[in-house]
Amino acid sequence: MSEPFYVTTPIYYVNDVPHIGHAYTTITADALARWHRLLGDDVFFLTGTDEHGLKIQRSAEANGVSPLEQADVTSARFREVWNSLDISNDDFIRTTEPRHIASVQAFMQAIFDNGFIRKGTYAGQYCVACEAYYTDDDLVEGNCPIHGRPVEWLEEDNWFFELSRFEKPLLDWYEAHPDCVHPVGKRNEALGIIRQGLADVSVSRTSISWGVPVPWDDGHVFYVWYDALINYATAIGYGADPDRFARYWPAVHHLLGKDILRFHCVYWPAMCMAAGLEPPAHLGVHGFLLVGGEKMSKTRLNQIFPADLVTDFGVDGFRYHFLRDNPFGPDGDFSYEAMVTRYNTDLANNFGNLLSRVATVVGRRCDGIGPAPDPASPLGAVAADSLRDAAAAWAGLSPSNALEATWRLIAAANAHLETNEPWKMDPGPAVDAVMGDALEVLRIVAILATPAMPATCAHVWERIGLTGTPAEQRLPDAAAWGGYPGGLPVRTGDPLFPRISTK
RNA sequence: GUCGGCGUAGCUCAGACGGUUAGAGCACUCGGCUCAUAAUCGAGUGGUCGUCGGUUCGAAUCCGACCGCCGACACCA
């Protein structure tokens with residue numbers, strides 16, 4: 001029985017347009033999913049959209065449509081972007097789907113039945129844009145500190161989740177699971193939040209109607225967060241398919257941005273405990289993609305959208321850049337110039353050019369028929385190192401290191417060609433061995449880089465005469481030295497990644 | 001303010017339980033090659049490892065102070 005591997009992105013709020021920040025998380029999740037498929041794992045990769053809440057309700061009113069119609073439009077936009085970026089999600093969940101509404105009600109009912117929800121009153125200054133209450137201290141000149149807009153006084157009967165009762169259980173859980181949050185700095189932040197004391201939180205609203213109804217109290221809907229987090233349970237059959245749920249839970253990998261650490265690393269584990277479940281096993285927290293050192297935001301007008309870059313770099317160039325250039329964890333600064341440099345260096349000069357030169361020499365010295373590699377080639381050891389290091393890096397949520405390890409093999413192959421100069425040799429066994437080695441490197445790289453660049457790798461696979469696709473290969477066996485059989489037609493063709501002129 | 005983190009080559013970063021001449025990629029310089037997308041290969045230039053002080057035979061690494069940057073401390077998608 002293969003290992004289950006469940007990976008999620010946050011579900012994206014449909015009030016926003018998909019930008020490269022969303023794409024960064026989603027591409028990382030996609031690459032992880034693809035890597036684990038190569039390992040033969042039973043992968044389930046989930047993304048989706050979060051569609052409830054006051055912002056959506058108001059936005060719909062302003063546009064003269066129903067909230068669901070409003071959500072349909074923006075949710076579709078996310079789907080289209082992921083489609084265009086070759087995202088291989090197995091499911092796309094929308095919080096407005098009946099399966100999710102049923103799941104939220106079952107999940108929250110379980111918490112209620114377990115005695116962790118009580119009635120209370122909440123009153124305060126409320127910012128519609130934030131969907132959040134503020135204290136007087138928070139306000140800036142009477143306005144919302146984030147949006148600078150006037151707040152409204154709201155007072156309502158709420159149901160409260162008794163988060164305060166979970167301080168100790170959460171600390172115990174963190175103690176028992178030292179590796180649950182990556183990187184460790186983020187784990188410490190979560191611990192800090194817990195140690196500072198947790199107050200009960202209101203989980204329902206009467207002031208709005210666009211949400212999941214509270215099953216035990218008509219007129220209340222759940223606050224959008226307590227609806228949203230449960231999507232991770234819904235998608236694997238919570239309350240509907242116990243066997244399937246048990247297969248994928250709690251061995252989940254949640255990927256998330258640091259802005260929502262509190263919800264994922266404190267509230268969500270507590271909610272799981274309250275509902276009688278194990279908390280999620282892995283939480284991967286990453287930083288922001290900055291632009292010119294500043295956070296992307298609508299108001300700064302510095303948002304960058306995937307389509308802006310895919311035109312210049314291609315889908316795989318786009319995917320590669322965000323996986324390779326930003327270590328998973330810290331903030332990363334995006335710049336177009338840096339993206340061009342990396343594209344030209346890693347993709348055009350190193351990888352693409354290797355295929356070009358190999359195809360040409362095989363055409364001239366081997367009649368276009370790719371020979372088999374030398375079983376004793378020095379590149380064999382390099383390939384083994386690359387596989388080992390890449391595997392370790394993927395396991396440690398570090399795509400940039402995984403790709404760096406893979407590119408070391410490409411560099412070794414280019415150097416191997418220089419050392420042997422096959423273009424000076426007459427056709428024969430010596431040329432065959434060198435070119436077979438180079439083709440074998442291309443074959444292995446095509447497999448190892450498939451999580452980052454699936455379409456390009458499939459194309460390389462085909463250009464060197466192999467049948468099937470690299471995505472069908474199974475590691476680690478497929479990356480063992482000597483897998484290229486020889487005797488296959490090798491095609492010359494257009495450059496894999498045309499250089500981008502910097503002038 | 002409280003807590004935490006960071007400050008290493010022009011740029012992006014690795015290294016740090018103390019120990020030989022501090023590393024990589026990019027950029028730059030020189031040389032080789034001409035199969036290849038003016039690509040590639042090799043060599044080299046470049047750092048008082050934020051500042052000051054302490055511990056030590058020995059500190060980028062441990063301790064303290066300071067300077068600078070950042071984050072968390074909000075019912076923040």
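Values below: every heavy atom of this structure, side chains too, minus hydrogens, waters and symmetry copies. Naming convention: chains lettered A, B, ... in sequence-line order (proteins, then strands); numbering from 1 in each chain.
For an aromatic pair to be called close, the ring centres must be under 6.0 Å apart, and Phe313(A) with His321(A) fails this. Aromatic pair Trp225(A)/Phe161(A): ring centres not closer than 6.0 Å. Between Phe334(A) and Phe322(A), the ring center distance clears the sub-6.0 Å criterion. Trp159(A) has its ring centre less than 6.0 Å from the ring centre of Phe112(A).
Using a 4.0 Å heavy-atom criterion, one finds that Thr345(A) contacts the sugar-phosphate atoms exclusively. No contact: Gly192(A) has no heavy atom under 4.0 Å from any strand. Residue-level contact check: Leu256(A) touches neither bases nor backbone, having no heavy atom under 4.0 Å from any strand. Using a 4.0 Å heavy-atom distance criterion, Ala228(A) is classed as a base contact. At the heavy-atom level, Phe263(A) lies under 4.0 Å from the strands shown only through sugar-phosphate atoms. Here Arg262(A) lies in heavy-atom contact (under 4.0 Å) with sugar-phosphate atoms only. Nucleic acid contact for Ala415(A): sugar-phosphate only, since backbone atoms but no base atoms lie under 4.0 Å from a heavy atom of the residue. Nucleic acid contact for Leu496(A): base, since at least one base atom lies under 4.0 Å from a heavy atom of the residue.
Rounded to whole Å, the P atom of G31(B) lies 47 Å from the corresponding atom of G68(B). Spacing of C1' atoms, A60(B) relative to U21(B), comes out at 16 Å, to the nearest Å. When the C1' atom is compared between G15(B) and G47(B), the two are found 14 Å apart, to the nearest whole Å. Taking atom C1' in both C57(B) and U20(B), one finds a spacing of 15 Å when rounded to whole Å. If you take atom C1' in U55(B) and the same atom in C62(B), they sit 8 Å apart, rounded to whole Å. Taking the P atom of each, G25(B) and G4(B) are spaced 37 Å apart, rounded to whole Å. The separation of G44(B) from C26(B), taken at their P atoms, amounts to 15 Å, rounded to a whole angstrom. Across the C1' atoms, C49(B) and A59(B) are found 11 Å apart, a figure rounded to whole Å.
Nearest to the side chain of Ala348(A), among C35(B), U37(B), C41(B), sits U37(B). Checking C33(B), A36(B), A39(B) against the side-chain heavy atoms of Trp423(A) singles out C33(B) as nearest. Out of A77(B), C26(B), A36(B), the shortest distance to the side chain of Thr341(A) is found at C26(B).
Of the residues near RNA chain B, Lys424(A) and Thr419(A), the one whose nearest nucleotide (by heavy atom distance) lies more toward the 5' end is Lys424(A). Summary of the strand contacts: Val203(A) and Ile193(A) both lie near RNA chain B, and taking for each the nucleotide with the nearest heavy atom, the more 5' one is attributed to Ile193(A).
Put simply, the side chain of Met435(A) does not reach to within 4.5 Å of the side chain of Arg365(A), judged on heavy atoms.
Base pairing of C30(B) is made with G42(B), judged by Watson-Crick or G-U wobble geometry with both donor-acceptor distances under 3.5 Å. The pairing partner recorded for G25(B) is C11(B), the criterion being a Watson-Crick or G-U wobble arrangement whose two distances lie under 3.5 angstrom. Pairing for A74(B) is absent, judged as Watson-Crick or G-U wobble with the two contacts each under 3.5 Å. Here U20(B) sits opposite no nucleotide as a Watson-Crick or G-U wobble pair (both hydrogen-bonding atom distances under 3.5 Å). G68(B) and C6(B) make up a base pair, with Watson-Crick or G-U wobble contacts both under 3.5 Å. Judged by Watson-Crick or G-U wobble contacts below 3.5 Å, the nucleotide U48(B) has no partner. G53(B): Watson-Crick or G-U partner is C63(B), with both key distances under 3.5 Å.
Taking atom CE on Met339(A) and atom P on U12(B), their separation rounds to 19 Å, with Å as the unit. Protein atom CG of Asp50(A) is 13 Å distant from nucleotide atom P of C76(B), rounded to whole Å. In this structure, Arg499(A) places its CZ atom 12 Å from P of C26(B), rounding to the nearest Å. Look at CD1 on Ile260(A): it is 11 Å from P on C76(B), rounded to the nearest Å. The OH atom of Tyr336(A) sits 19 Å away from the C1' atom of C11(B) (whole-angstrom rounding). Whole-Å rounding puts the Ile194(A) CD1 to C73(B) P distance at 13 Å. Atom pair Tyr223(A):OH and A74(B):C1' shows a separation of 11 Å (rounding to whole Å applied). At whole-Å resolution of the value, CG in Asp259(A) and C1' in A72(B) are 13 Å apart.
For C41(B), the base has no donor-acceptor partner in the side chain of Glu421(A) [N/O atoms by modelled type, under 3.5 angstrom]. Donor-acceptor pairing under 3.5 Å, judged by distance alone, is present between the side chain of Trp225(A) and the base of A77(B). For a distance-only test at 3.5 Å, the side chain of Glu189(A) fails to qualify as a donor-acceptor partner of the base of G71(B). Contact annotation: side chain of Asn353(A) to base of A39(B), donor-acceptor pair absent below 3.5 Å.
Under the 4.0 Å criterion applied to side-chain N and carboxylate O atoms, Asp179(A) and Arg187(A) are not assigned as salt-bridge partners.
Phosphate contact (OP1/OP2 of G4(B), side-chain N/O of Asn188(A), threshold under 4.0 Å): absent. A sub-4.0 Å separation between OP1 or OP2 of A36(B) and a side-chain N or O of Arg364(A) is present. OP1 or OP2 of G4(B) has not a single side-chain nitrogen or oxygen of Lys186(A) nearer than 4.0 Å. Regarding contacts with the backbone of U40(B), a side-chain N or O of Asn350(A) is found under 4.0 angstrom from either OP1 or OP2.
The structure places CZ of Phe351(A) at 11.0 Å from CG of Asn414(A), a figure rounded to the nearest 0.5 Å.
At distances below 3.5 Å, at least one donor-acceptor pair connects side-chain atoms of Asn231(A) with backbone N or O atoms of Ala228(A).
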- Task: Evaluate the criterion salt bridge (Lys or Arg N to Asp or Glu O under 4.0 Å) for residue pair Arg77(A) and Glu80(A); output intermediate values, then yes/no.
- Result: CA-CA 5 Å; Arg77(A) 208 175 287 168; Glu80(A) 286 159 15; over 6 Å; no
